[in-house]
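Order of the sequence lines sets the chain letters (A, B, ...), proteins ahead of strands, with each chain counted from 1.
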2 protein chains.
Amino acid sequence: MNKKDKIIEAALRLFVENGFHGTATSKIAQEAGVANGTLFQYFNTKDELVTALYVSVKEEMAKYIEKNTAKSDNVREVMKSQFLASLFWALDNAVKFKFIQQFHSSPYIGKVEQEIIQNQVKPHLTLIQNGIDKGLIKKLPVDFVYSLISSQTFGVYQYLSSKPFTKVQQHDTIEQSFELLWGMIR
Amino acid sequence: MNKKDKIIEAALRLFVENGFHGTATSKIAQEAGVANGTLFQYFNTKDELVTALYVSVKEEMAKYIEKNTAKSDNVREVMKSQFLASLFWALDNAVKFKFIQQFHSSPYIGKVEQEIIQNQVKPHLTLIQNGIDKGLIKKLPVDFVYSLISSQTFGVYQYLSSKPFTKVQQHDTIEQSFELLWGMIR
DNA sequence: AATATGATTGACTAATCAGTCGCAAAGATA
DNA sequence: TATCTTTGCGACTGATTAGTCAATCATATT
């Protein structure tokens, strides 16, 4: 494992444990087993480290979802596969998902270029619009529907991670959550 | 306005603007127009200030919701009044609500005594259980239903605060959101 | 007026912070 | 082997931090 990845891993863990400003760059370097200055070879500033981390983690999640998206033109099926994939990824990557959550409700979110965020959201909005056009989803503003889906994802994750469920129980709850969600928007 | 309230007001604003650790206690004192040391007369440490702020803001919100809860034994009606009150309060107290959000997904949340959180959640769980017993709400784990309701509240707030809606549009969207929510859990 | 009490002050400190820089080690090329 | 390039090092710095404390102020009581 190269130094950059070690830095990223340590940074993620410490950020989730102690918050962004609560984590000193020196601590990150120490935890990663590299010198203080090495960190600044890969990231010019601490802010750059934080935002770069967010973008890369988000991309990783997006790639996983894309890979696990059902190859179908059935909107419900596609949406379900994405909803499940989101939650499976979140449960398997708790630290990364918590990092995303923390980042979303922090002032750092404003430092990420709007374009990057838009590009990641766009395919989901298209899918929703598609569902509305086909009469499968209620005629509501697309980004309102998107807000409902995202928040449900976060809510279900919160619930699942707060209790010691088995894999099977988690799976069942996620399936059930999608049924509830779909019933709400269709 | 007394010094303590000035400190609280300044702290809230700065915490939301720059994050918890990104806000120096000296900045808070300066912004509040009080001396550095005065802050530590009211709050022993910075951590105490942050968590005390959270508890007090949460209590304020809870009181508002309680005051605006429908006096009825119709579960749907009670739940609706609480859902609306939550969102009206959030929109009218954007800084405080953002502070709550930020706090929730920060490591500070672990520093609040579990008992305090439980006490604030309990009445809502009771209401949900009541709805289930009366056959009005689906037979699901109570705190699962609670998670769905909370996350929907946050999601609708996020949507509303991201666009320049009029009061009437906000009101309509909130009403509609409750109908969707109720349809999902009943 | 004299005294007492609690609130307020801001200079101060020891610790910690993000970020720099000159130098060494490790490869790469020849 | 000699030279160049990349990567890594960690002591260092100037700025900033949370928190302290002795002195001052405002107000109330006698």
Side-chain angles (χ1 to χ4, degrees), chain A residues 1-57 95 99 102-103 105-113, chain B residues 1-57 95 99 102-103 105-113:
Chain A
M1 196 188 229
N2 67 33
K3 307 256 170 184
K4 190 176 179 181
D5 287 342
K6 278 187 180 173
I7 292 168
I8 286 176
E9 199 193 53
L12 270 170
R13 194 172 59 254
L14 291 172
F15 282 151
V16 169
E17 260 169 49
N18 312 314
F20 301 122
H21 293 273
T23 302
T25 53
S26 55
K27 274 266 165 59
I28 297 169
Q30 189 188 324
E31 195 88 355
V34 303
N36 218 310
T38 305
L39 189 150
F40 289 96
Q41 208 120 37
Y42 294 105
F43 306 95
N44 291 323
T45 64
K46 190 187 177 180
D47 274 22
E48 195 180 301
L49 167 64
V50 174
T51 49
L53 228 55
Y54 172 73
V55 172
S56 105
V57 169
V95 174
F99 176 83
Q102 201 171 314
F103 191 94
S105 54
S106 85
Y108 274 109
I109 188 69
K111 294 192 178 179
V112 178
E113 295 191 34
Chain B
M1 194 188 229
N2 68 32
K3 309 253 172 186
K4 189 175 179 181
D5 287 343
K6 278 186 180 173
I7 292 167
I8 286 175
E9 198 194 52
L12 269 170
R13 194 172 59 252
L14 290 173
F15 283 151
V16 170
E17 261 169 50
N18 313 313
F20 299 122
H21 293 272
T23 303
T25 51
S26 55
K27 273 267 166 59
I28 297 169
Q30 188 187 323
E31 195 86 356
V34 304
N36 219 310
T38 306
L39 189 149
F40 290 94
Q41 205 116 39
Y42 294 106
F43 307 94
N44 291 323
T45 63
K46 191 185 175 181
D47 275 22
E48 195 181 301
L49 166 63
V50 174
T51 49
L53 227 55
Y54 171 74
V55 172
S56 104
V57 168
V95 174
F99 177 83
Q102 202 172 314
F103 191 94
S105 54
S106 86
Y108 275 108
I109 188 71
K111 295 192 177 179
V112 179
E113 295 192 34

Using every non-hydrogen atom in the two residues, find where [X] and [Y] come nearest and quote the distance to one decimal.
| X | Y | result |
| --- | --- | --- |
| B:A35 | B:A29 | O-CB, 3.8 Å |
| A:S26 | A:N36 | CB-ND2, 3.7 Å |
| B:D5 | B:N2 | N-OD1, 2.8 Å |

Intermediate values then yes/no, side-chain contact (heavy atoms from CB on, under 4.5 Å), A:T45 and A:F40: CA-CA 7 Å; A:T45 64; A:F40 289 96; 5.6 Å; no
Would you say [X] places a side-chain N or O within less than 4.0 Å of OP1 or OP2 belonging to [N]?
| X | N | result |
| --- | --- | --- |
| B:Y42 | C:dT8 | yes |
| B:K27 | D:dT17 | no |
| A:K4 | D:dT7 | no |

Roughly, in whole Å, what's the span from [atom1] in [X] to [atom2] in [N]?
| X | N | atom1 | atom2 | answer |
| --- | --- | --- | --- | --- |
| A:F40 | C:dG19 | CZ | C1' | 5 Å |
| A:E48 | C:dA18 | CD | P | 15 Å |
| B:L49 | D:dG19 | CG | C1' | 13 Å |
| B:N36 | C:dA11 | CG | P | 10 Å |
| B:Q41 | C:dT5 | CD | C1' | 13 Å |
| A:H21 | D:dT17 | NE2 | P | 11 Å |
| B:K3 | D:dA26 | NZ | P | 11 Å |
| B:K46 | C:dC17 | NZ | P | 12 Å |

[X] (side chain) donor-acceptor with [Y] (main chain) under 3.5 angstrom:
| X | Y | value |
| --- | --- | --- |
| B:K46 | B:F20 | yes |
| B:T51 | B:V112 | no |
| A:Q102 | A:F15 | yes |

Pairing string, 5' to 3', for DNA chain C - Watson-Crick or wobble contacts under 3.5 Å, brackets [ ] where pairs cross, | to another strand: ||||||||||||||||||||||||||||||
Of A:S26 and B:G33, whose closest DNA chain C nucleotide lies nearer the 5' terminus?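 It is B:G33 whose nearest nucleotide is closer to the 5' end.
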